[in-house]
S.K.: 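Structure incoming, see below.
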Amino acid sequence: MNCKLFGYGGAAMLLLAVSIVVSLSIGSAGISVADVWDILLRQLPWLADEQSAHTPGEIAIITQVRLSRVLLAVLVGACLALAGAGFQGVLRNPLADPYTLGVASGSSVGAAFIILFGLQAALGIWTIPLVAFTTGTVTLFGVFWLSRSKGAMQIETLILSGVILQSFLGAFVSFMVSLSQGVVNQIMFWLMGSLAMRSWDNLYMLLPFLALGLPLLLFYAQALNLFVLGERQAAHLGVHVERTKLVVLIASTLLTAAAVSVSGVIGFVGLVVPHLIRLLAGPDYRLIIPLSAIGGGTFVLWADTLARTALSPKEIPLGVVTALIGAPFFAYLLHRRKLKEGSPS
């Protein structure tokens, strides 16, 4: 397993590093690639004192806008893909995604409420992320409350509770959109997902969730492998089933809520990336979890690069790009699976 992890992990990290270099090198500001990397290299401590020929505006664009956005895209993608892997493992369903339990709809209610009533200035740039994170987390515990029976959570009831709350909260968001007039575009742009106008503060907010969520999910990776056998068999093999479900679901939901609170609703990342990793590396969650984090970061980084450069200077919502890429790709995977199942043995 270690050899496979190093092999796949090394290739995935190399692809991510190349993606970061390419994404940093291109943009709509008209700054050449040589100038971009000259500015970045001059941020190193031993080169910081050298005289620069670049304007303060160019330096700010690269260091304060583009660099933070590239790294934030990686973190958002990693959080969503990790959450998708966690949900698929606990629910034993490769079609589960981070929004299965209605967290995105819960976060959207908080964000839409803040935008509708013009309360963004209450806590500055933290207002929408904090409120969206809070309402998304409250939604999670609402799902737990609905699905819990005799101290246990049945998978079918859990999914059904998530669907119910997702539909109800989605209707509430639509209601607020219908009430909004001057701010309807702001609400819709947030619902479609974007990393525009984000800063280093948003990255610092998201980083602790990833730093805690990744090792926590890795700790339960072997238990998720045993979940494939069924909850009863996993319990016989020493897995504390209810605790594992609760911890993994909470960790995955907090990762989702944190990502959504920063970027808005971005679909298909947590659905497609873990599914693709499973096809490439096999069903072992000790591989799926770390590779999903790297793959999710790479996927969102490329999607965001296309979003900000394809129709420059106009920007495409990030959620639109991930859907345009993810939906056909996932349809291809399903078609390929159907052909494989239908072929004679």
S.K.: Under the 3.5 angstrom rule, does the side chain of Tyr99 hit a backbone N or O of Ile266 as a donor-acceptor pair?
M.R.: yes
S.K.: Work out which heavy atom in Gly142 is nearest to a heavy atom in Leu165; give both atom names and the distance.
M.R.: C-CD1, 3.8 Å
S.K.: Run the ring-ring contact (aromatic ring centres under 6.0 Å, His included) test against Phe133 and tell me which residues pass, sequence neighbours left out.
M.R.: Phe209
S.K.: Is it true that a side-chain atom of Thr157 and a backbone atom of Ser147 form a donor plus acceptor pair closer than 3.5 Å?
M.R.: no
S.K.: Taking distance alone, no hydrogens or angles, what donor-acceptor pairs closer than 3.5 Å link side-chain atoms of residues 317-326 to residues at least two apart or in another chain?
M.R.:
{"residue": "Thr322", "atom": "OG1", "partner": "Gly267", "partner atom": "O", "Å": "3.1"}
{"residue": "Thr322", "atom": "OG1", "partner": "Leu318", "partner atom": "O", "Å": "3.4"}
{"residue": "Thr322", "atom": "OG1", "partner": "Gly319", "partner atom": "O", "Å": "3.0"}

S.K.: Assess the residue pair Leu130 and Ser261 against the criterion (side-chain contact (heavy atoms from CB on, under 4.5 Å)); give the C-alpha distance rounded to whole Å, side-chain angles, the decisive distance to 0.1 Å, and a yes or no.
M.R.: CA-CA 7 Å; Leu130 285 176; Ser261 70; over 6 Å; no
S.K.: Are Leu311 and Glu315 side-chain neighbours, meaning at least one heavy-atom pair lies under 4.5 Å?
M.R.: no
S.K.: Transitively linked via ILVMFWY side-chain contacts under 4.5 Å: Leu216 with Val239?
M.R.: no
S.K.: Indicate yes or no for a side-chain donor-acceptor contact from Ser263 to the backbone of Leu195 under 3.5 Å, with no hydrogens or angles considered.
M.R.: no
S.K.: Side chains of Val76 and Asp304: closer than 4.5 Å at any heavy-atom pair?
M.R.: no
S.K.: Are the side chain of Tyr285 and the backbone N or O of Leu217 linked by a donor-acceptor pair below 3.5 Å?
M.R.: no
S.K.: How long is the straight-line distance from CG of Leu15 back to CD1 of Ile20, given to the nearest 0.5 Å?
M.R.: 10.0 Å
S.K.: Of all residues at least two apart in sequence or in a different chain, which pass the side-chain hydrogen bond (donor to acceptor under 3.5 Å, both in side chains) check with Trp200?
M.R.: none
S.K.: Which heavy-atom pair separates Leu24 from Val36 by the least distance, and what is that distance?
M.R.: O-CG1, 3.3 Å
S.K.: Decide yes or no for Arg286 and Leu218: does some side-chain heavy atom of the first lie under 4.5 Å from some side-chain heavy atom of the second?
M.R.: no
S.K.: Going by an N to O cut-off under 4.0 Å, is there a salt bridge joining Arg66 and Glu58?
M.R.: no
S.K.: Could you check whether the rings of Phe168 and Phe172 sit parallel, tilted or perpendicular, using 30° and 60° as the cut-offs?
M.R.: parallel
S.K.: What are the two closest heavy atoms between Val265 and Leu191, and how far apart are they?
M.R.: CB-O, 3.3 Å
S.K.: Backbone N or O of Ala85 within a donor-acceptor pair of the Gln88 side chain at under 3.5 Å?
M.R.: no
S.K.: Given 3.5 Å as the limit, does a donor-acceptor pair link the side chain of Arg198 with the main chain of Val262, or not?
M.R.: yes
S.K.: So, do Ser199 and Gln64 sit near enough that their side-chain heavy atoms are less than 4.5 Å apart?
M.R.: no
S.K.: Nearest heavy-atom pair of Ala112 and Met176: which atoms, and what distance?
M.R.: CB-CE, 3.7 Å
S.K.: Which heavy atom in Pro98 sits nearest to a heavy atom in Thr256, and how many Å separate them?
M.R.: CB-OG1, 3.2 Å
S.K.: Which heavy atom in Pro283 sits nearest to a heavy atom in Arg278, and how many Å separate them?
M.R.: CA-CG, 4.2 Å
